[in-house]
There are 2 protein chains.
Amino acid sequence: MSATVPLSSTSRDGGAPRPRPAGGDPCAGPATAAGRTLAVLAAFGPEHSSLSLSEISRRTGLSLTTTHRLVGELREWGALERGADGRYGIGLRLLELGALAPHGLQLRELALPYLDDLHHATRANVHLAVRDGHDVVYVESLRARGAVQVLSRLGGRWPLHATGTGQVLLAYASPELQREVVASPLRRFTANTITDVEELRRTLAEVRRTGVAIAENQLTAEALALAVPVRGPGDEVIAALGVTVQRAAVKSHALIPVLAATARGISRALGAPSVSTVDRRSVRRTTQPDLH
Amino acid sequence: MSATVPLSSTSRDGGAPRPRPAGGDPCAGPATAAGRTLAVLAAFGPEHSSLSLSEISRRTGLSLTTTHRLVGELREWGALERGADGRYGIGLRLLELGALAPHGLQLRELALPYLDDLHHATRANVHLAVRDGHDVVYVESLRARGAVQVLSRLGGRWPLHATGTGQVLLAYASPELQREVVASPLRRFTANTITDVEELRRTLAEVRRTGVAIAENQLTAEALALAVPVRGPGDEVIAALGVTVQRAAVKSHALIPVLAATARGISRALGAPSVSTVDRRSVRRTTQPDLH
DNA sequence: ACGCGCCTTCCTCCGGACGGAAGCCCGACC
DNA sequence: GGTCGGGCTTCCGTCCGGAGGAAGGCGCGT
């Protein structure tokens with residue numbers, strides 16, 4: 001083919017017409033093959049759990065031909081499957097893989113009995129969540145039988161600042177991460193969502209002081225979320241345990257002791273050093289206001 | 001050291017280029033870029049939920065360089081994550097995706113309250129499973145608090161013939177699929193595993209007749225599994241509901257009515273046509289032996 | 001010091017991937 | 001019926017991204 005091309009020269013570019021008229025792909029830049037493969041998977045989401053080939057093509061920005069081939073490979077492998085209607089959905093092979101996430105379902109596996117007890121004792125929605133980047137991801141979500149008001153699906157993902165569990169995870173995260181999150185735009189979901197930087201800082205400090213996050217109507221209206229940290233072998237916070245109740249529920253704060261006790265149970269099962277005195281103290285303190 | 005996995009990985013394959021895999025190797029050759037990407041993910045499994053870069057390279061048969069690049073991309077995307085020890089594991093992004101599987105966690109979501117009730121009523125291990133190819137995949141698994149004897153992790157995968165839930169799914173699958181499975185080698189797990197073709201045929205016929213699969217010690221010793229079908233809107237069997245108890249447990253058959261009732265509840269919630277008479281009859285019949 | 005794994009970066013050549021184009025099926029609309 | 005349009009599939013030539021060899025930096029045990 002062509003002889004060796006001088007690396008630094010741009011002269012060759014002039015002759016070649018740019019075959020890519022696509023001026024702006026701001027969000028999707030799958031320049032690599034692996035990236036394109038992942039882009040196909042990323043086309044699916046809670047709102048779009050079933051897509052046609054053309055829809056995948058449009059959402060990824062890939063040509064129909066490429067989409068067709070990639071989808072075919074993914075389907076053969078089991079990452080995607082084709083429904084009776086010809087549309088594509090996520091395949092069970094991905095569930096199988098996802099279940100291997102170390103801080104995901106493995107953690108869930110261990111915590112489930114505790115969550116179940118808590119669920120039955122309180123009749124509230126119960127969540128277990130971990131941090132992933134700037135998001136909180138729900139690793140388990142037990143919905144109350146009656147009042148279903150849930151945004152928290154298993155595998156659900158929300159910004160850290162907008163949920164009780166997220167605030168716990170953020171409060172105990174590294175200062176560096178906290179800076180990053182605080183510096184990023186804080187998306188508003190309801191009138192009560194914390195979007196002010198100073199208010200968020202104060203909230204996080206309060207969470208650290210008391211050991212409990214209390215979020216009222218921050219992600220959805222008419223919901224009150226309580227959350228506490230779950231600790232691992234090194235006493236570091238690796239997850240957050242939370243309950244959500246209808247806001248009208250009476251004496252929500254009365255849930256805090258049992259919530260904290262459950263979190264300690266899980267922490268101990270995870271190998272956390274026996275209950276830290278800090279936690280004990282703070283739990284007591286936070287339960288005081290409930291008395292008067 | 002664990003036994004090496006036969007991945008057909010030979011370090012030197014450069015000699016003869018494969019004579020065009022005409023589309024007939026489903027699980028073997030990562031000839032394509034997408035295939036290589038998926039191969040990296042497939043290197044992970046229940047036994048290997050955490051791998052170093054070199055291990056991934058060896059297990060996939062990819063060169064270290066290629067592995068390095070692919071792993072980097074997967075990590076950036078969130079499919080993999082790197083632990084504190086430098087080893088790689090499955091990332092939460094895959095859990096998020098896997099949760100979208102239509103016959104996976106969406107089904108689970110709906111069925112969970114019923115499973116929970118059953119779990120509390122029986123104190124047995126409770127499973128919900130669907131079929132994927134020639135395997136049964138567990139979509140939910142609630143473990144009994146005390147006797148933990150579980151091979152059935154969420155996302156777990158086993159051959160259809162070796163489990164109660166699998167036998168149910170196989171019994172109601174298309175004749176074509178049944179032929180395929182019966183024709184394939186039936187792997188043995190315990191002395192009681194059904195490996196004889198005729199015995200399997202008889203068992204499946206019995207499952208269809210009674211509506212219940214009863215598997216004793218077929219996957220693990222000292223375990224008795226009971227399973228019944230769960231039906232969807234078109235009355236087709238889309239899942240199997242099962243319980244597993246210690247074999248010594250008294251009067252295991254007494255569980256069948258509540259098991260069947262739970263399955264009917266889930267089926268109705270899925271939009272199945274109101275209880276089929278066939279089911280009613282067969283359930284009654286199967287419970288008869290328990291009376292004398 | 002030395003060797004030995006493991007990980008990371010750099011660079012070149014080759015072959016697979018990309019997308020245009022055309023064919024196919026089906027349902028809608030005139 | 002004819003025509004059109006949207007979605008899907010197949011084919012094929014070009015070209016650019018990817019594969020992997022080679023070399024360099026760790027950390028560890030001998």
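Excluded from the calculations below are hydrogen atoms, water molecules and symmetry mates; all remaining heavy atoms, backbone and side chain alike, are included. These numbers come from a predicted model, not from an experiment.
The CG atom of Leu64(A) sits 13 Å away from the C1' atom of dA22(C) (whole-angstrom rounding). Here the C1' atom of nucleotide dC7(C) and the CG atom of Leu70(B) are 16 Å apart, to the nearest Å. Rounded to a whole Å, the CD atom of Glu73(A) is 10 Å from the C1' atom of dA17(C). Between the NE2 atom of His68(A) and the P atom of dG20(C) there is a distance of 16 Å, given to the nearest Å. Rounded to an integer number of Å, the gap from CG of Leu74(A) to P of dA17(C) is 13 Å. Look at CG on Leu53(B): it is 15 Å from C1' on dC26(D), rounded to the nearest Å. Between the CZ atom of Arg82(B) and the P atom of dC7(C) there is a distance of 7 Å, given to the nearest Å. The CG atom of Asp85(B) sits 14 Å away from the P atom of dC28(D) (whole-angstrom rounding).
The existence of a salt bridge linking Arg131(B) and Glu236(B) is excluded, since no basic side-chain nitrogen approaches an acidic carboxylate oxygen closer than 4.0 Å.
Of the side-chain N and O atoms in Arg58(B), one or more sit less than 4.0 angstrom from OP1 or OP2 of dC6(C). Within the structure, every side-chain polar atom (N or O) of Thr65(A) is placed at least 4.0 Å from both OP1 and OP2 of dG19(C). Side-chain N/O atoms of Ser54(B) include one lying less than 4.0 angstrom from OP1 or OP2 on dC7(C). Contact between the side-chain N/O atoms of Thr66(B) and the OP1/OP2 oxygens of dG20(D) is found at a separation under 4.0 Å.
Environment of CD in Glu76(B): sparse, with no more than 12 heavy atoms of neighbouring residues, nucleotides or ligands closer than 6.0 Å.
Comparing Glu55(A) and Ala34(A) along DNA chain D, the residue whose closest nucleotide (by nearest heavy atom) sits nearer the 5' end is Glu55(A).
One distance of note links CZ of Arg36(A) with CG of Leu41(A); it measures 14.0 Å at 0.5 Å rounding.
Taking the six-membered ring where the residue is Trp, His161(B) and Phe189(B) present tilted rings, their angle falling between 30° and 60°.
With dT9(D), dG19(C), dA17(C) as the choices, the nucleotide that has an atom nearest any side-chain atom of Tyr88(A) turns out to be dT9(D).
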Criterion side-chain contact (heavy atoms from CB on, under 4.5 Å) on Gln167(A) and Leu160(A), from CA distance to verdict: CA-CA 6 Å; Gln167(A) 287 169 10; Leu160(A) 286 172; over 6 Å; no

